[in-house]
Amino acid sequence: PTWFGTTLQETLKHNTLGSVIEFRDGRPLFPRRTGIKDRGILGRYGPNHAADPIVTRYGPHEKLQFVAIKRSDNGQWAIPGGMFDPGESRHVTLRREFKEEAASKCDEHVLDQVFASERIVYAGIVWNDPRNTDNAWIETIVCHYHIEDPAVAALITFEPQPGETLDVKWMDCDVPT
């Protein structure tokens, strides 16, 4: 996202979905009340933009698999993802978050092939994020990258991010966690 405007209200006229953001007492209002005021642990008032890449392949026995990370804060499996840095495009953020959380030692040429073609599967508010407050919330873009060539998928070097992820692996889509 590009930030512009001289006041918070001028900068945050619209959210990712193009909806007008309502303001009260000079602060943006999340469309659903949480009962928590101000911005909580989020970095800014209004929408805080995140990006989540879903990387898939057909693995052994033609099972659809995705890259999963085991989070160090709660021990649960998730897809990689994180917040935009100022001035970043979605393409840069999606690739950076994947590399940081799942594949920090992966060759850039391999990542070029993985991230060559994307399909946006969701863009909007993360309604149930526990970090949301009445004045700050998460909006994300989720993009799917399917690796057709098994040789490319085999070249991805998984490496958990210290302090963020405990493990990284290909996970079958039909296996409950």
Side-chain angles (χ1 to χ4, degrees), residues 1-56 66-104 111 114-115 117-146 160-166 168 171 173 176-177:
T2 302
W3 301 103
F4 55 91
T6 56
T7 67
L8 182 65
Q9 200 156 355
E10 288 174 355
T11 300
L12 298 176
K13 288 180 183 174
H14 297 87
N15 65 10
T16 302
L17 303 174
S19 301
V20 174
I21 297 174
E22 184 182 338
F23 278 74
R24 184 175 301 140
D25 299 324
R27 295 208 171 120
L29 290 176
F30 183 45
R32 183 183 295 161
R33 296 298 149 269
T34 66
I36 303 168
K37 303 293 182 206
D38 294 318
R39 62 180 177 82
I41 63 170
L42 293 174
R44 61 175 45 102
Y45 286 98
N48 287 256
H49 297 97
D52 303 293
I54 301 172
V55 177
T56 61
F66 68 98
V67 175
I69 60 166
K70 190 170 193 177
R71 296 172 50 103
S72 61
D73 60 348
N74 62 18
Q76 295 191 1
W77 289 96
I79 59 172
M83 306 308 284
F84 277 74
D85 285 342
E88 272 187 335
S89 70
R90 78 165 182 263
H91 306 289
V92 170
T93 302
L94 288 156
R95 181 178 172 137
R96 177 181 55 77
E97 287 295 336
F98 181 83
K99 185 169 182 169
E100 285 177 1
E101 294 187 358
S104 63
L111 292 175
V114 171
F115 288 91
S117 177
E118 76 178 22
R119 187 172 65 105
I120 298 171
V121 295
Y122 179 78
I125 294 170
V126 182
W127 292 101
N128 63 345
D129 194 297
R131 298 170 291 181
N132 291 342
T133 72
D134 287 351
N135 307 111
W137 58 93
I138 302 290
E139 293 185 7
T140 193
I141 184 159
V142 181
C143 293
H144 178 221
Y145 302 89
H146 183 71
Q161 182 183 20
E164 293 276 333
T165 56
L166 299 172
V168 184
M171 183 176 282
C173 288
T177 57

*Asks:* Does Arg33 have more than 12 heavy atoms from other residues, nucleotides or ligands lying within 6.0 Å of its CZ?
*Replies:* yes
*Asks:* Can you name the nearest heavy-atom pair linking Ala78 to Arg71, along with the distance?
*Replies:*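 Heavy atoms of Ala78 and Arg71 come nearest at CB-CD, 3.9 Å.
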*Asks:* Which heavy atom of Thr56 sits nearest to which heavy atom of His146, and what is that distance?
*Replies:* OG1-ND1, 2.6 Å
*Asks:* Any chance you could measure Thr140, atom OG1, to Ile125, atom CD1, to the nearest 0.5 Å?
*Replies:*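 Those atoms lie 11.5 Å apart.
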*Asks:* Quick check for you: to the nearest 0.5 Å, what is the distance between Glu164 atom CD and Asp73 atom CG?
*Replies:*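 The distance works out to 7.5 Å.
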*Asks:* Could you state the interatomic distance from CZ (Phe30) to OH (Tyr45), rounded to the nearest 0.5 Å?
*Replies:* 16.0 Å
*Asks:* Looking only at atom types and distance, does a side-chain atom of Glu22 sit under 3.5 Å from a main-chain N or O of Pro31, one as donor and one as acceptor?
*Replies:* no
*Asks:* Which heavy atom in Gly35 sits nearest to a heavy atom in Asp134, and how many Å separate them?
*Replies:* N-OD1, 3.1 Å
*Asks:* Look up atom CD1 in Ile54 and atom CZ in Arg119, then write down how far apart they are to the nearest 0.5 Å.
*Replies:* 9.0 Å
*Asks:* Donor-acceptor pair, Thr34 side chain versus Ile36 backbone, under 3.5 Å?
*Replies:*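 Such a contact is found between Thr34 side chain and Ile36 backbone.
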*Asks:* For a quick test of reading the model, state the closest non-hydrogen atom pair linking Gly81 to Pro53 and the distance between them.
*Replies:*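 So the two residues come closest at CA-CD, 4.1 Å.
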*Asks:* Between Ile21 and Pro47, what is the shortest heavy-atom contact and its length?
*Replies:* CD1-CD, 3.9 Å
*Asks:* With sequence neighbours left out, what residues match Ala136 under side chain to side chain contact (heavy atoms under 4.5 Å, CB included)?
*Replies:*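 For Ala136, the residues satisfying side chain to side chain contact (heavy atoms under 4.5 Å, CB included) (neighbours in sequence not counted) are Arg39, Leu42, Asn48, Thr133.
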*Asks:* Search all heavy atoms of Glu101 against all heavy atoms of Val168 and return the closest pair with its distance.
*Replies:* O-CG2, 3.8 Å
*Asks:* For Glu118, check salt bridge (Lys or Arg N to Asp or Glu O under 4.0 Å) against everything at least two apart and list the hits.
*Replies:* Arg90
*Asks:* Hey, does Arg96 have a side-chain heavy atom less than 4.5 Å from the side chain of Glu88?
*Replies:*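 Glu88 reaches Arg96 side chain to side chain.
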*Asks:* Roughly how far apart are Glu100 CD and Thr93 OG1, rounded to 0.5 Å?
*Replies:* 9.5 Å
*Asks:* Would the distance check show the side chain of Asn135 and the main-chain N or O of Leu29 forming a donor-acceptor pair, the cut-off being under 3.5 Å?
*Replies:* no
*Asks:* May I ask you to test the Trp137-Pro28 pair for a side-chain heavy-atom distance under 4.5 Å?
*Replies:* yes
*Asks:* Less than 6.0 Å separating the ring centroids of Tyr145 and Phe98?
*Replies:*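 No, ring centres 6.0 Å or more apart.
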*Asks:* Would you say the side-chain atoms of Asn132 pair up with the backbone N or O of Val126, donor to acceptor, closer than 3.5 Å?
*Replies:* yes
*Asks:* Is Ser72 reaching over with its side chain to a backbone N or O of Leu166, donor-acceptor style, under 3.5 angstrom?
*Replies:* no
*Asks:* Parallel, tilted or perpendicular: which fits the ring planes of His49 and Phe84, with parallel below 30° and perpendicular above 60°?
*Replies:*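 Answer is perpendicular, since the angle exceeds 60°.
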*Asks:* Please determine whether salt bridge (charged side-chain N to carboxylate O under 4.0 Å, His left out) holds for the pair Asp25 and Arg27, giving the CA-CA distance in whole Å, both sets of side-chain angles, and the decisive distance to 0.1 Å.
*Replies:* CA-CA 6 Å; Asp25 299 324; Arg27 295 208 171 120; over 6 Å; no
